[in-house]
Structures are given as structure tokens and as C-alpha cells.
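One structure is given here, and the rest of the page talks about it.
Proteins get letters first, then strands, A, B, ... in listed order; numbering begins at 1 in each.
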2 protein chains.
Amino acid sequence: MSTPQTRRKTRTDAERNRDRVLEAARALFAEFGHDVQMSEVARAADVGIGTLYRKFPTREALIEAIAEHRAAEIVATARRLADTDDPAQGLAGFLHHVGEVLTGDRGMSEVIEKVMGSAEPRGETREALLAVVAELIDRARVRGTVGQDVTAGDVNMVICGLAAVIRNAAGDWRRYIEVALDGLRPR
Amino acid sequence: MSTPQTRRKTRTDAERNRDRVLEAARALFAEFGHDVQMSEVARAADVGIGTLYRKFPTREALIEAIAEHRAAEIVATARRLADTDDPAQGLAGFLHHVGEVLTGDRGMSEVIEKVMGSAEPRGETREALLAVVAELIDRARVRGTVGQDVTAGDVNMVICGLAAVIRNAAGDWRRYIEVALDGLRPR
DNA sequence: CGGAATCCGGATTCCACATTCCGTATTATG
DNA sequence: CATAATACGGAATGTGGAATCCGGATTCCG
């Protein structure tokens, strides 16, 4: 009913513009974080504000699209690390990867904090992330690098803290990870 | 020159109002964090907006006043812990106290993050805090509960993360402290 | 080509707040 | 008390920024 067969192919410029917007938004949010303005995004994408709003009906929608993208990347890497059975990688490698990403993406570090916290309605991707983390923990446990009692929730907290440390430049985040990892090791 | 001897005593009601405002603001910011409105503060204090602004010429000024107050309390407690040479207290006790305070004061946990990060112009109190933390670390080091290489910066990071964990309800913050403390212990 | 169907741009509307202004009310002095 | 000095309240103003609207430009399709 919502698809009258009289449907033309989506205009090519429309599609192109959508990509432009996403790309520009990604760059802007990565550099300046949550407080870039819609008009700035539009300008950077070399697109009218109207267009921007047709693609993403809401500021929030735009941010979500970007975040989802980055999150998916992270999950992908995590899964790779989980599969490769390299002792030098695993949980440690994952945390460092997250740190690396957040360092170059201020907006993401702002989002991660919230996402790792309260069980928000951030569906699929969040689930996927939790799953991989759980797997990483299992492997680490077997290998003896983390205690039996360590949970995915613990790692969540660590990541939440990591994001804050990076976002506020509160110190050397690699050192933070080191400390956290030591803290998770079996007694 | 700025004190023409023709100076009456400050009106008593003025003084009383200032207290009311501070008290109301404290409560409001503690519960709702950074986004309470000036008008709400005024209403809660049962005072006109104009008055509120005579006491604190700026939203920021108000927040700063509140934060400074809380920070001073924390420093005081910290110093007490540092003096009491109770092994069960010290650094651990301090972190738990901070956690307790932040749990009941959302606004503060928002501020702490920033303050612990970038060497902002938050003068005296910040200095004092750093000093006590340093002292707590020294004692802990002597007692052997933290490694030789642990610095005040490390504790800063931990606190910054703690604030984030609490603010986002990302898990059990007592557990977080436990992990952090374990991570700081000597090898 | 021709003319829908779609999409664009960006001025404009709306809204949520901080901050200012000023006429009125209250307090301290003599 | 009288009166100057202060303080008060809260409507009015200013501002920043998201979201809407619509005449004009483009693109698709026969």
C-alpha cells in the first residue's frame, strides 16, 4: 500500500547527496563532537539545509546513522580479534582498538559512554558488541589473563571510563587500559 | 576607592536570599545535573529571576559556586582520611567517598570529569585536591597497596572514569573501584 | 522532446533559555 | 518617621539553533 508500483528509481543525485552528507557529518562530528550544527554539516557537504533534513529528518537521526556505522566497524574488528587466536591480541587488543578509534573521533567517544551505560534501545549493533565482548572475555579467561569472575558488564564499565578519559584528555589512555587490564587479572 | 565609607550593612534579606538560592541550586543541580534552568532555580528558591542574577551574574558563576563548595567538602574528607592512618581507609576510602558523593550529585559528576581532565583554571581547590591525592598515594605506596610507579595522574584518570560510570549508570561503581585499585597494586 | 515526479536551497518560523531593565517594595540610618 | 540606599520581581528582550516551507531547478521516462 505504501509502494505504488509507479515507483521510479531514486534519483542519482539524491543518492550522491546522501553520501556527501554522511561523509561530511562523519568528519565534522569526529573532530568537534556533539555540538556541530546542522547548518555546518550542510555547508560542509555543500548541500542545502533542506536537503540535509530530507535525508535525515532529525539531528538525532543523523548522529545515530553515524554512530551505528562506526560501531559496526568496531564490532567487525572485535570479531576479527576474537577469531584470530593470538594471545597478544584478544581483550587487550580490542580495548586498544577502541581507544584508537575514540581518540580520532570525539563524537563517538561521547556516544559510546551513553551506549555502554543504560540498556538503551540501541538494538542489533549493541547486541553484537556485547556478544563479541563476551567471547573475548571467555578466551581471555581460558588463557588466564582475566579472573573467573570478570563479566561483560565489567568491561562495559572500563570502556565507559575509557571514553571519558579520552574525551577529557584526563591522562594517557594507554596507561588507563593497562591499569584496567591488571585490575581484571585473576588474583 | 571601592569602599566609600558611606557603606551600609548589607541588607539582611539580601543575605538570606543568597543562601536560599545556593541551597535550592545545590539540590536541583544535584538531582538533574547541568540542564536545570535559571528560572527553575529561582522558583525553587522562591525568589525572582532578577534576584538570582544579582547574586550570581551568570549561570556559570552559579554552577562554579556550587561546584567549588562540593569540591571543598571532598578535599576536607580526603585530608581527614590522609591524616587518620587507618589502613582500611586511605586511597580506597577516598575513592569510595568520591563515589558516594557523585552518586548523589549528578551535576558534580558532570563537573568532575572536566576538572580532573584538562588543567583548567580551577585554582585553589583543584590544587588542594591534587595535593591530598598525592599524599594518599604516598601513604598507600609505603603501605604497599599501590605500585611505586603510580602517579596522581593515574588516580585522576580513575576518578574521571568513575564519574563517567556513575553518571551513565554503566554498572556497579564499587566494582569499578575494586578493579581500579587492583590495577594499581604493585606487581 | 515534454511534462510529471522528485529533489534542491535557504530564508523563515519556532522555540527554549539566558540575561537585562526598570518600576516597586523593603531596609537601614539619623 | 523620613528618606536615601538597596534589593526585589518578573515581563520583555536577545540569541542560538533546530526544523519547516515552498518556489524553482533537475532528473527520469515515454
Side-chain angles (χ1 to χ4, degrees), chain A residues 1-29 31-67 106-107 110-111 114, chain B residues 1-26 28-29 31-67 106-107 110-111:
Chain A
M1 55 175 72
S2 62
T3 313
Q5 56 286 74
T6 336
R7 176 128 265 155
R8 293 185 174 190
K9 186 196 354 170
T10 15
R11 275 219 227 161
T12 50
D13 60 333
E15 206 160 349
R16 174 163 43 78
N17 277 340
R18 187 189 154 92
D19 293 350
R20 279 179 147 187
V21 168
L22 260 181
E23 196 173 352
R26 234 171 253 145
L28 248 33
F29 276 100
E31 181 163 6
F32 304 108
H34 184 276
D35 51 0
V36 308
Q37 296 166 212
M38 294 305 263
S39 59
E40 292 185 289
V41 173
R43 196 175 330 126
D46 198 33
V47 144
I49 314 184
T51 300
L52 168 49
Y53 271 92
R54 184 149 333 85
K55 309 306 184 187
F56 304 91
T58 274
R59 175 195 172 73
E60 203 180 344
L62 176 58
I63 293 183
E64 191 166 312
I66 299 176
R106 161 146 207 168
E110 289 173 353
V111 168
K114 292 183 179 131
Chain B
M1 54 175 75
S2 61
T3 312
Q5 55 286 74
T6 335
R7 179 128 263 157
R8 295 184 172 196
K9 188 198 344 170
T10 16
R11 277 218 226 162
T12 51
D13 58 336
E15 205 160 349
R16 174 165 43 79
N17 278 340
R18 187 189 156 92
D19 293 349
R20 280 178 145 189
V21 168
L22 260 182
E23 195 173 353
R26 235 172 250 145
L28 249 31
F29 276 100
E31 181 164 6
F32 303 108
H34 184 276
D35 49 1
V36 308
Q37 297 164 214
M38 293 306 263
S39 59
E40 292 185 289
V41 173
R43 196 176 330 128
D46 197 33
V47 143
I49 315 184
T51 301
L52 168 49
Y53 272 90
R54 182 146 336 83
K55 310 305 184 185
F56 303 92
T58 274
R59 175 195 172 72
E60 204 180 345
L62 176 58
I63 293 183
E64 190 165 313
I66 299 174
R106 162 149 204 160
E110 290 174 352
V111 169

Summary of protein contacts for nucleotides 11-25 of chain D, nucleotide by nucleotide, where a base hit scores B, a sugar-phosphate-only hit scores S (4.0 Å, heavy atoms): ------SSBB----B

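The shortest distance between side-chain heavy atoms of B:L22 and B:F56 falls below 4.5 Å. For the pair A:Y53/A:M38, a side-chain contact is recorded, criterion being any heavy-atom separation below 4.5 Å from C-beta on.
Closest of all the heavy-atom pairs between B:D35 and B:R59 is CA-NH2, 4.1 Å. The minimum heavy-atom distance between A:N17 and A:V47, with the atom names listed, is OD1-CG2, 3.7 Å. B:V41 and B:A24 get closest at one heavy-atom pair: O-CB, 4.2 Å.
Near DNA chain C, meaning a heavy atom under 4.0 Å from it, residues 12-20 of chain B has B:T12, B:D13 in order of number.
A search for side-chain hydrogen bond (donor to acceptor under 3.5 Å, both in side chains) contacts involving A:D19 returns nothing, not counting sequence neighbours.
Judged by distance alone, with hydrogens and angles left aside, the side-chain atoms of B:E110 form a donor-acceptor pair with the main-chain N or O of B:H34 at under 3.5 Å. For the pair A:K55 (side chain) and A:L62 (backbone), a donor-acceptor distance under 3.5 Å is absent.
The side chain of B:K55 places an N or O atom within less than 4.0 Å of a non-bridging phosphate oxygen (OP1 or OP2) of D:dC8.
Straight-line distance from the CG atom of B:L52 to the P atom of D:dA7: 15 Å, rounded to whole Å.
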